Structures are given as C-alpha cells and as structure tokens.
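Down below is the structure, laid out as structure tokens.
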Amino acid sequence: MGIRLTRRPLSIAAAEAALDRSPAGAVVLFAGRVRADRRGRTVVGALQYEVDRRPALAALASLEREARRRFGARGVVLWHRLGRVEAGGTAVVVGACCPHRAEAFDAARYLIDRLKRTVPIWKEERARSARRPPRRRARRAGRSSG
Amino acid sequence: MAGPIHVRLFSTARVALGRPSLDWPAPGGGVPARVLVGELARAYPPLAPTLKVSRFLRNGRYLRDLDETVLAGDEFAVHPPYGGG
C-alpha cells in the first residue's frame, strides 16, 4: 500500500487514508500535478510517463526504508502515475506519518526530492496548441487605444 | 551457444533509436560494459549523446563500473537521467 506505480488516478484522500493506519501525530502529504507550461505556440497538454518497473520498485522500497530510518516515519506513501496524465492531473503523491511535524515535513521533502533523482521514471511532454485571443478583437482594441 | 545481449532503451535513448529494445551479438565470454557502450555509440550515432549521461543496469542491477562483464543472454538497460514527479 505504501508503494504504488499505477495507470489509475491518484487521490490525496486515499493516501491520507493509507497513512491513517500509522498511529503518529503528524501527517504531511505532497501532490505533484502536471503543469500546463507554455512552449512558444503550444502548451503542455499532458505528460507521458514510463518506468523500468523492477529497479523502480526496488528504489522506492529503499526510499521507504530510508524515511523510516532517518525520520522515524511510521508510515510512508510513494505513489506515481504511469502512462498519460493530462495537465492538471496528479502525477505523484508522497507522504509521511511521523511523531512530530518537523520530521514529517522533512521526510516528505526528502521523499519527493529523492524520488525525482533516484527512481527510474521518465516523462515526455505532449503538446497542444495554445489558444490565443481572437486576432480581430486585439486589432479593435489597438485601434480604439490609438 | 552464445545468444545476444538484450538491450532495453528508455526515454531519450528509446526516442533516439525509435524503438524500445534491440539485440546485440555477444562473444562467448561476454563483453565489458565499456566496450558494449562504445559499440552501441558507434553503431547508432544518435544514441551516443544519451549514452554519455546514462546509467546502466545488468539484469536489473546497477553496474558498479563499466568494467563489469555483460554476458550473452543478459539484459542490459540504458537509463538516461531520471525525471519522475
């Protein structure tokens, strides 16, 4: 339950529920969503994620152990989407349940930072055209201001 | 009988070659990873820049160094820099 690589949508509520089984005072959850960044005349419409599953699962398991050892985490969530995720969709959820808030914040930050650097997951942008305001309206506005 | 090395390509490595894997002939005693990577770079020039920044796995385990021998029948994975999240 703590580690998940899935093509299904991720839910913060489900992650919180998973951590509810770990009795401790502080829960910190982080959700990373796909940004619709502009790329010239296009915007990022979606990201396509791929994974090398076996080493990825081993790396995630190692991160979970590390969070328990370094921060005293009683529960850990490391969930990542695979396949296509539309802009605005949640691509990753990490969370930690620790006795106190400082460790929980540190653990969650550690988990997302290390996940991005050490887990064999890659993303590829899928562009869509950026809709511009209608040209006619822009011209009119230009004339009226002159 | 020596079989090929099964090379798996991810992300920019896959895009550079336009396919997710290839089979590479291996001598009976295997080949040092350094030599294999050099052969791949020469055979597929678009792949060369990615190989310079990639990590490599043999049968699912990260190579400690490029002197490690890759044997016929092994799986050899090319991992460009990661980008999850």
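Order of the sequence lines fixes the chain letters, A, B, ..., with proteins taken first and strands second; residue numbering starts at 1 for each chain. Keep in mind the model is a prediction, meaning the values are calculated, not measured.
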Between B:H79 and A:P120 the two heavy atoms that sit nearest each other are CE1-CB, 3.4 Å
Mind checking whether [X] and [Y] sit in one hydrophobic cluster, side chains of I, L, V, M, F, W, Y counted as touching below 4.5 Å?
X     : Y     : result
A:L82 : A:I3  : yes
B:L66 : B:W24 : yes
B:Y82 : A:L60 : no
A:V94 : A:L57 : yes
B:V35 : B:L47 : yes

Would you list the atom pairs, donor with acceptor, under 3.5 Å between side chains in residues 48-56 of chain B and any protein atom, with sequence neighbours excluded?
{"from": "B:S54", "atom 1": "OG", "to": "B:T50", "atom 2": "O", "distance (Å)": "2.7"}

Tell me, for B:R61 versus chain A, whether the close heavy atoms (under 4.5 Å) come from the side chain, the backbone, both or neither.
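For B:R61, there is no contact with chain A at all, as no heavy atom is under 4.5 Å.
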Residue by residue, scan residues 45-56 of chain A and write down, ordered by number, those that have a heavy-atom distance under 4.5 Å to chain B; if none do, write 'none'.
A:Y49, A:E50, A:V51, A:D52, A:R54, A:P55
A:R8, CZ: over 12 other non-hydrogen atoms inside 6.0 angstrom
no
Donor-acceptor pair, A:K116 side chain versus B:G85 backbone, under 3.5 Å?
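A pair under 3.5 Å: no.
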B:P80 backbone acceptor or donor facing A:W122 side chain under 3.5 Å:
yes
Working to the nearest 0.5 angstrom, can you tell me the gap between A:T118 OG1 and B:Y62 OH?
7.5 Å
